[in-house]
Undergrad: 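Structure in structure tokens, see below.
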Amino acid sequence: MADPTAPILLFDSGVGGLTVYDALRDVLPDAPVIYAADLAGLPYGTKTEAQIAARVAGLLGRMAERYQPRLACIACNTASTIALGMVRDVLEIPVVGTVPAIKPAAALTQTGTIGLVGTEATIRQRYVDDLERDFAAGKRLLRIAAPALVGAAEGKLRGRVVDPAVIDDVRARLAAMPGGDGIDTLVLACTHFPLLADELAAAFGQQVRQVDGAHGIARRIAHLLDGQTFTATGPNRFVVTGPLAGAEGLEAALASRGFAPAEAF
Ligand code: DGL
């Protein structure tokens with residue numbers, strides 16, 4: 001049985017994994033959490049597979065040693081679709097990944113046309129090809145990279161206004177693809193993007209349903225930890241790689257979620 005004070009480690013390149021954190025609080029409100037944002041490595045989406053795999057496996061190995069978590073969650077689609085297997089080889093605890101929610105989207109679509117918005121690295125992964133083949137056969141899955149949304153979400157959590165042109169560009173590029181005007185379901189294949197749900201709804205319209213994996217991941221974590229006890233020894237921790245200045249402006253977003261002020265890894 002795990003030490004009741006042992007945390008769950010949530011890992012992302014930035015603040016995107018907070019969407020998984022929010023869902024996790026709904027199902028395991030008392031579980032101690034350490035959230036790690038690799039701000040020194042942000043963004044992952046424009047890096048190569050080799051860079052992402054080495055960075056994520058190396059960091060998670062060191063973080064697991066330092067924080068002794070009972071479970072680690074890679075709350076990042078880019079890192080999960082590339083490095084999940086490698087991280088599982090490195091860590092001796094359960095590791096939960098985040099993969100694009102193609103399966104639920106395929107079950108929801110009425111028109112049969114699904115838009116998938118992710119990072120450049122995520123949308124080119126074979127992992128995504130496999131999900132499409134296994135769960136969206138007979139549907140049309142239109143993929144686009146939207147790296148600017150990562151910066152927009154990071155800015156929003158720091159209190160900055162989201163430029164509507166950045167969101168509209170995503171809508172317009174999807175609409176311009178063959179069959180794009182039939183999209184009724186949007187897979188948010190990057191954990192940062194649900195932070196922009198309101199802005200996306202304003203651009204795409206309420207008739208386009210947004211689907212992401214956060215609640216499914218939270219349920220999976222709760223299932224894996226079923227029967228375990230949780231004792232918090234203080235507020236949850238938010239650690240960042242690189243200079244602490246990278247977390248400036250996040251104070252309100254962290255405090256409202258019950259985190260202590262950001263600290264350096
Ligand atoms: N939050 C990450 C994801 O889910 C990506 C952001 C980045 O490019 O670092 O893919």
Side-chain angles (χ1 to χ4, degrees), residues 9-24 35-60 63 72-87 95-102 104-105 115-128 131 143-158 162 166-167 170 186-197 199-200 210-218 220-221 238-242 246-247 250 253 257 265:
L9 176 63
L10 291 185
F11 176 89
D12 182 32
S13 54
V15 297
L18 289 176
T19 56
V20 175
Y21 175 84
D22 291 341
L24 188 63
Y35 185 101
D38 182 15
L39 296 182
L42 178 81
Y44 283 176
T46 50
K47 293 187 166 52
T48 65
E49 279 71 1
Q51 285 172 324
I52 295 165
R55 185 165 188 98
V56 171
L59 268 175
L60 274 167
M63 287 175 172
C73 171
I74 306 178
C76 172
N77 288 265
T78 311
S80 297
T81 53
I82 292 168
L84 183 59
M86 200 187 253
V87 173
V95 182
V96 176
T98 314
V99 297
I102 292 173
L116 183 145
V117 191
T119 66
E120 283 162 67
T122 295
I123 66 164
R124 66 172 180 253
Q125 294 312 308
R126 231 191 72 192
Y127 203 114
V128 180
L131 288 172
R143 307 181 195 183
I144 58 160
L149 295 189
V150 175
E154 290 282 331
K156 183 176 178 185
L157 255 62
R158 288 167 174 81
V162 176
V166 168
I167 311 285
V170 176
L186 202 56
V187 178
L188 305 184
C190 169
T191 51
H192 278 75
F193 298 170
L195 294 169
L196 302 170
E199 290 82 358
L200 288 163
Q210 301 176 29
V211 183
D212 67 75
H215 284 93
I217 297 151
R220 175 81 191 135
I221 294 172
F238 187 91
V239 302
V240 301
T241 60
L250 286 174
R257 290 173 167 85
F265 168 60

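Basis for what follows: all heavy atoms, side chains included, without hydrogens, waters or symmetry-related copies. Numbering of ligands and ligand atoms starts at 1, following listing order.
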Undergrad: Between the side chain of Thr241 and the main-chain N/O of Ala40, is any donor-acceptor distance below 3.5 Å?
TA: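 Such a contact is found between Thr241 side chain and Ala40 backbone.
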Undergrad: Closer than 3.5 angstrom, by distance alone: can the side chain of Thr19 be matched with the main-chain N or O of Thr191 as a donor-acceptor pair?
TA: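 Looks like yes, one N/O pair under 3.5 Å.
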Undergrad: Verify, without hydrogens or angle tests, whether Tyr44 (side chain) and Val56 (backbone) share a donor-acceptor contact under 3.5 angstrom.
TA: no
Undergrad: What closest approach, in Å, do Lys156 and Leu196 show between heavy atoms, and which atom pair accounts for it?
TA: CD-CD2, 4.0 Å
Undergrad: Is it true that a side-chain atom of Glu49 and a backbone atom of Ile82 form a donor plus acceptor pair closer than 3.5 Å?
TA: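 No, because the side chain of Glu49 does not come within donor-acceptor range (under 3.5 Å) of the backbone of Ile82.
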Undergrad: If you compare all heavy atoms of Ala23 against all heavy atoms of Ala214, which two are closest, and at what distance to 0.1 Å?
TA: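 Minimum heavy-atom separation between Ala23 and Ala214: CB-O, 3.6 Å.
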Undergrad: Given a heavy-atom cut-off of 4.0 Å, could you list the residues near ligand 1 in chain and number order?
TA: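 Within 4.0 Å of ligand 1, protein side: Asp12, Ser13, Leu42, Pro43, Tyr44, Gly45, Cys76, Asn77, Thr78, Thr119, Val150, Cys190, Thr191, His192.
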